[in-house]
Amino acid sequence: MQTRLPTEERQVEIAAAALRLAGEISPALITTAQIAEEVGISQGAVFRHFTAKDQIWHAAMVWVRTELLAAIEAAAQAAPSPLEALRAVFKAHVEFVAIHPGVPRFIFHEMESAKDSPVKREVRSLLRSYRELLLALLDRAAQRDLLSAGLDRDAAATLLVGAVQGLIMQAMAAGRANALKTQADAVFTIYLQGICGGRRAK
């Protein structure tokens, strides 16, 4: 059994455990008893921090939004040019999912429901922030005349997110999270050719 942690740290630990389990078990089938066992605490201890399983999933999505945005923003800031920043964001997203394979399974499961939820609102918040970052990078690339003339940048941002999601779905279907990395560079190269046309990436 683990030692007592501050509430916020324990909540993060419980949420992270739920996401790890989602990489192996359908999120719909995960129980609080399994989460407690994964963390190494009693089921009662789980309920001292969360009164319902839905709250655990909401905390998990808050963690995903915070960590993924931090990863892609750091990747973008470290890149020397807007196009390299787009590549870095793409690779950071792929790397994040490869490390946390339960995340897409959890999100896809939540999005299947027609009912709105705090988790869906967190997903929408993540996508808004993600798109804002991509559009800012595309705007910088356009200012440097690196993109095809008349490129629909909103569609280009949608396509980049969709490319990652497509890779994720194929990796999930194959049961191999590492398959994401093997095709990521080739997929991004095709994407870059599409948005740049005949211009050289700088």
Side-chain angles (χ1 to χ4, degrees), residues 16 18-27 60-61 63-112 122-142 144 146-148 151-202:
L19 288 172
R20 286 196 302 274
L21 288 170
E24 304 170 0
I25 307 169
S26 169
M61 192 60 226
W63 181 88
V64 170
R65 175 176 57 78
T66 302
E67 295 297 315
L68 178 55
L69 285 176
I72 63 175
E73 286 170 357
Q77 290 172 6
S81 71
L83 293 183
E84 283 304 312
L86 286 171
R87 184 187 297 275
V89 166
F90 185 84
K91 292 181 75 171
H93 191 169
V94 168
E95 181 71 24
F96 183 87
V97 174
I99 294 170
H100 307 288
V103 169
R105 293 186 63 176
F106 155 57
I107 293 176
F108 290 147
H109 168 74
E110 288 292 327
M111 298 307 286
E112 284 178 352
E122 288 294 335
V123 173
R124 289 196 292 268
S125 175
L126 168 61
L127 288 174
R128 279 195 301 271
S129 297
Y130 199 148
R131 287 180 64 83
E132 287 171 3
L133 173 62
L134 294 178
L135 288 169
L137 294 175
L138 289 163
D139 286 344
R140 284 172 50 200
R144 292 177 57 169
L146 299 175
L147 304 179
S148 296
L151 178 74
D152 185 332
R153 278 168 259 170
D154 192 63
T158 299
L159 183 59
L160 185 62
V161 176
V164 179
Q165 291 172 336
L167 282 171
I168 291 169
M169 289 294 290
Q170 291 182 66
M172 288 173 60
R176 293 183 296 113
N178 283 335
L180 281 165
K181 296 181 182 180
T182 60
Q183 291 190 324
D185 286 339
V187 169
F188 185 81
T189 297
I190 293 171
Y191 170 80
L192 199 61
Q193 290 169 348
I195 66 171
C196 294
R199 289 169 169 77
R200 292 180 58 189
K202 298 179 184 177

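Fair warning: this is a prediction, and the values are worked out from it, not measured in the lab.
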Closest non-hydrogen atoms of A71 and A92, given as atom of the first, atom of the second and distance, are O-CB, 4.0 Å

CD of Q165 to CG of L160, rounded to nearest 0.5 Å, is 10.0 Å

Between L137 and P82 the two heavy atoms that sit nearest each other are O-CB, 3.5 Å

**Prompt:** Quick one: does R144's side chain get under 4.5 Å of L83's, heavy atoms only?
**Reply:** no

In short, A75 meets V89 closest at the heavy-atom pair CB-N, 4.3 Å

Those residues at least two apart in sequence (or on a different chain) that pass salt bridge (Lys or Arg N to Asp or Glu O under 4.0 Å) with D152 are none

The side chain to side chain donor-acceptor pair (under 3.5 Å) partners of D185 (sequence neighbours excluded) come to none

Closest heavy-atom pair, S148 versus G197, reported as atoms and distance to 0.1 Å, is OG-N, 3.0 Å

When every non-hydrogen atom of A88 is compared with those of A79, the smallest separation belongs to CB-CB, 4.5 Å

Applying salt bridge (Lys or Arg N to Asp or Glu O under 4.0 Å) to R124 and not counting sequence neighbours gives D116

Quick note, side-chain hydrogen bond (donor to acceptor under 3.5 Å, both in side chains) partners involving residues 18-27, not counting sequence neighbours, are R20-E38

Residues pairing under side-chain hydrogen bond (donor to acceptor under 3.5 Å, both in side chains) where one sits in residues 88-110, two or more places apart or in two chains, turn out to be H93-Y130, E95-K181

Distance col, row L135:CG vs L133:CG, nearest 0.5 angstrom, shows 9.0 Å

Between the CG atom in L126 and the CD1 atom in I72, the distance rounded to the nearest 0.5 Å is 7.0 Å

Sorted by chain and number, sequence neighbours left out, side chain to side chain contact (heavy atoms under 4.5 Å, CB included) with S129 holds for L69

CD1 of I195 to CG of L159, rounded to nearest 0.5 Å, is 8.5 Å

| said: Less than 4.5 Å apart, side chain to side chain, heavy atoms only: is that true for L146 and R140? | reply: no

Side chain to side chain contact (heavy atoms under 4.5 Å, CB included) filter on A163, not counting sequence neighbours, yields F90, V187

Smallest heavy-atom separation, R153 atom then L138 atom, equals O-CD1, 3.4 Å

For Y191, the ring pair (Phe, Tyr, Trp, His ring centres under 6.0 Å) test, sequence neighbours excluded, returns F188

Contacts of R131 meeting side chain to side chain donor-acceptor pair (under 3.5 Å) (sequence neighbours excluded), chain-then-number -> D154, T158

Residue pairs meeting salt bridge (Lys or Arg N to Asp or Glu O under 4.0 Å), one or both in residues 64-76, sequence neighbours left out, come to R65-E122

Residues passing the side chain to side chain contact (heavy atoms under 4.5 Å, CB included) test with A60, sequence neighbours excluded, are A15, L19, W57, F106

With sequence neighbours left out, the residues meeting side chain to side chain contact (heavy atoms under 4.5 Å, CB included) with M169 are F108

